[in-house]
Structures are given as structure tokens and as C-alpha cells.
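Following: one structure in C-alpha cells, then a few remarks.
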Amino acid sequence: MKITKVKNSKLASVDFNNIPFGRTFSDHMFVAEYQDGKWQNARIEPYGSLLFDPACLALHYGQSIFEGLKAFVTQTNEAVFFRIDKHIERLNISAKRMCMPTVPATMFMDAVNTLVTLDRAWMPNKPGSSLYIRPLMFASDEFIGVRPSNRYTFVIMTGPTGPYYAKPVSLLASDQYVRAAQGGVGEAKTAGNYAASLLASKEAQLEGFDQIMWMDAKEFKYIQEVGTMNIFFVIDGKVVTPATDGAILKGITRKSVIDILKDKGYEVEERLLSIDEIVEAHKSGILQEAFGTGTAAVVSFISDITYKGYRMEMPKSEDCKVGLLAKSTIENIRFGIEEDKWNWVQKVVVPESIGA
Ligand SMILES: Cc1ncc(COP(=O)(O)O)c(C=O)c1O
């Protein structure tokens with residue numbers, strides 16, 4: 001892999017006590033191109049603009065996928081990734097669904113190990129902070145016409161993120177818009193899913209809500225997920241989350257939370273969950289917790305849910321012991337405080353080409 005280092009690092013200009021999410025990018029990025037049936041020209045270069053033609057297929061027909069994962073500094077000052085194998089697996093599930101080439105795990109790991117080692121100084125080491133890693137792939141044929149591209153560009157960019165103090169979110173259960181339907185592309189982390197959510201979110205925000213709670217596309221009855229998080233409820237002592245059905249993104253935090261809570265002795269049900277059941281549980285006082293899960297905040301509590309004009313206040317976040325337990329367990333495993341019994345944490349390996 002060819003490595004071109006920056007001449008002048010931007011690091012000194014970053015205020016590590018105040019890092020706005022998604023706006024600060026580390027010095028280097030990884031780029032590779034897929035052409036003639038193989039990945040080639042893998043390189044690390046200074047972070048910067050990419051050149052593409054206006055006929056670039058991704059811009060027109062949306063063949064574009066991404067991932068979002070994090071690297072952390074542990075209490076013993078080691079740089080580690082969290083569940084990186086699952087993110088590679090999901091990237092390739094997205095690639096297959098969008099008719100794109102898969103990324104070999106070895107290329108991915110070489111790229112990310114080199115990138116994180118080169119930009120190690122960009123990794124915040126305060127608890128709760130992390131280095132966000134954003135892999136992305138897009139179709140790069142210069143062609144107008146609907147067909148899979150022959151050429152693709154794969155990029156990995158990174159950026160520091162501060163601790164994420166998410167305030168409880170107010171949700172509108174949409175009976176007007178859907179995020180994804182069975183048979184569609186909801187299970188892929190593809191750009192169009194996020195574009196499809198924007199109008200619904202914007203309208204909900206104008207009404208004072210933070211995010212949409214997405215329902216199934218057929219009956220607008222079964223809960224799918226919220227904003228860009230999976231959703232969990234605690235009903236009468238049982239943890240319930242919608243079963244993934246082809247339309248719901250298979251969240252890696254979701255799976256981690258399920259494994260942790262089962263391990264801690266909770267009964268966890270993955271099943272169809274209707275909004276009517278939530279309304280009934282709320283009315284009868286057995287709805288004990290509501291929270292979303294995702295890489296960004298691990299767990300975000302839900303303040304209220306409104307469905308067809310009926311507003312339900314959710315239990316206070318400080319009383320959500322199941323959600324708080326899931327959150328602290330994941331954070332402690334990442335920080336190296338709690339035993340990593342499932343081998344979710346993987347050390348960043350310093351590539352020989354860079355040296356220790
Ligand atoms: C639509 C959607 N649902 C759920 C999630 C949560 O997934 P994860 O826990 O893997 O971050 C994300 C974030 O990646 C998302 O974009």
C-alpha cells in the first residue's frame with residue numbers, strides 16, 4: 001500500500017474539549033479503486049477532495065454504501081476497535097444487496113490498522129471519546145443509464161468524537177412515511193435509506209419531535225426502528241425488541257445489547273411488536289423503559305412517543321436500569337474495565353511498514 005503523509009498536520013487546530021460530530025476529519029484517508037474485477041491502487045493519502053465526473057453513477061442511481069464504527073483508547077492506553085469484524089460483515093452484506101463488489105477483510109484491516117496508526121494522535125483518550133471510522137463505497141463509472149457500475153471507489157475516513165451526551169428523544173410514530181419495506185434495501189447501509197428519511201424527520205422536527213419512529217410499510221402497525229437507532233422496550237420485566245425482518249437495519253449495538261442482557265439474566269424477546277401493544281402497556285402501567293441503540297450513543301433514552309395524536313410519556317432515563325446497564329456494560333468492555341467475554345474488542349495492529 002502506498003502511503004503519502006501530510007506535510008502539515010491539522011491536529012494543532014482541533015479543540016479536543018469541543019469536537020463537533022461529523023465535521024472534524026483526521027489527516028489521512030484510505031482510497032482504493034475497483035476495476036477489471038479487482039481492487040487496485042490501494043493507498044493512504046492526505047484527507048481531501050475526490051475528483052469525479054458529473055456522470056458518476058453513484059450520484060444518479062445511488063449505488064453507494066457506508067459503515068460507521070469506532071476505535072477507542074482503553075484504560076491501559078491501548079488502541080482498540082469494537083466489533084470490527086461485524087462491521088466488515090455488514091459492509092459486505094450491504095455491498096451484495098446493492099450489487100457492488102465486496103471488500104476483502106484483509107484489505108479492510110490493513111487499511112484501517114495503517115490509518116489508525118498514522119493518525120494515532122487524533123484518537124481522543126478521554127473516557128467516552130473515540131475515533132469514528134467511516135468506510136464508504138460508491139459506483140464510479142462515468143455513464144448515464146441504470147445498470148451496476150463496473151468501477152467503484154472505496155474510502156475510509158476517520159475523525160475524533162467527543163463523549164456523546166444524548167438527551168432523551170421525543171418520537172413521532174409515523175403513519176404517513178416508511179423508511180423501508182420487506183424486500184427493499186432497509187437491511188443495507190445505503191445512502192438512499194437516509195435520503196428517504198429526511199422529509200419525514202424534517203416535518204416531525206417542525207412539530208417539535210426529535211425523530212421518527214418507523215413502522216412497517218404494509219400496515220403502519222409494527223415498530224421497526226427510530227431515526228438511525230434500533231429500539232428496545234422493557235414491558236412487565238421483559239426486554240422486547242422488534243425482530244429483524246429484512247427491512248430493519250441489523251444494528252451491531254442491538255445485537256450486543258441482546259447478548260449482554262441475556263447474559264445478565266434478562267428475558268429478551270425479538271418479535272413482532274405493534275404500536276397498539278405499546279399503547280396498551282403504557283395505559284396499564286407496565287411499560288417500564290424505552291431506549292434506542294446505535295454506535296453513536298450506545299443507548300439513547302426516549303422521553304415520549306406520539307402516535308395518532310396520543311402522546312405517551314416514557315419513564316425517566318434515570319429509572320431505566322436495563323438501558324443503563326446495557327450502556328455501561330458496553331462502555332466498560334470498550335474501555336477495558338469489564339471482561340470482554342465475547343472478544344468484541346480487537347487491538348489495533350501496528351503495520352510492519354510503519355513500525356512501532
Ligand atoms: C438505520 C439505522 N438503524 C440502526 C442503526 C444502529 O446500528 P449500529 O448499532 O450498528 O450502529 C444505525 C446506525 O448504524 C442506522 O443507521
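Along the sequence shown, residues carry numbers from 1. Both ligands and their constituent atoms are indexed starting at 1 by order of listing.
- Remark: R23 fails to qualify as a cation-pi partner of F21 under the 6.0 Å distance and 45° angle criteria applied to the six-membered ring.
- Using a 4.0 Å cutoff on heavy atoms, K86 does not count as a contact of ligand 1.
- Those atoms of ligand 1 that come under 4.0 Å of a heavy atom in R179, given as number and element, are 1 (C).
- The closest protein non-hydrogen atom to atom 7 (O) of ligand 1 is G251 CA, 3.4 Å.
- The G294 neighbourhood of ligand 1 comprises atoms 6 (C), 9 (O), 11 (O), with distances under 4.0 Å to a heavy atom of that residue.
- Salt bridge absent: E339 and K341 never bring a charged side-chain N and a carboxylate O closer than 4.0 Å.
- In this structure, a donor-acceptor pair under 3.5 Å is absent between the side chains of N230 and K255.
- Looking at ligand 1, you'll find an N or O of Y194 within less than 3.5 Å of one of its N or O atoms.
- By the neighbour-count criterion of 12 heavy atoms within 6.0 Å, atom NZ of K5 is sparsely surrounded, having that number or fewer from other residues, nucleotides or ligands.
- Nearest-heavy-atom check against atom 5 (C) of ligand 1 across V226, T228, I231, L69 picks out T228.
- The neighbour count for N8 CG, taken as heavy atoms of other residues, nucleotides or ligands under 6.0 Å away, does not exceed 12.
- Within ligand 1, the atoms closer than 4.0 Å to a non-hydrogen atom of I252 are 8 (P), 9 (O), 10 (O), numbered from 1 in the order shown.
- Under 4.0 Å from ligand 1, not a single heavy atom of N193 appears.
- Taking the charged nitrogens against the carboxylate oxygens, E187 and K96 have no contact shorter than 4.0 Å, which rules out a salt bridge.
- Annotation: T295 places an N or O atom under 3.5 Å from an N or O atom of ligand 1; distance criterion only.
- Remark: R334 does not engage E331 in a salt bridge, criterion side-chain N to carboxylate O under 4.0 Å.
- With no hydrogens or angles considered, a side-chain donor-acceptor pair links D304 and S170 at under 3.5 Å.
- Those atoms of ligand 1 that come under 4.0 Å of a heavy atom in T293, given as number and element, are 6 (C).
- Nearest non-hydrogen protein atom to atom 3 (N) of ligand 1 is E225 OE1, 2.4 Å.
- Of the protein's non-hydrogen atoms, T253 OG1, 2.6 Å is the one closest to atom 9 (O) of ligand 1.
- Of the candidates M229, K189, K255, the one placing a heavy atom closest to atom 13 (C) of ligand 1 is K189.
- Not a single heavy atom of E67 sits less than 4.0 Å from an atom of ligand 1.
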- Item | Criterion ring pair (Phe, Tyr, Trp, His ring centres under 6.0 Å) on Y194 and F66, from CA distance to verdict | CA-CA 11 Å; Y194 298 84; F66 67 97; 5.1 Å; yes
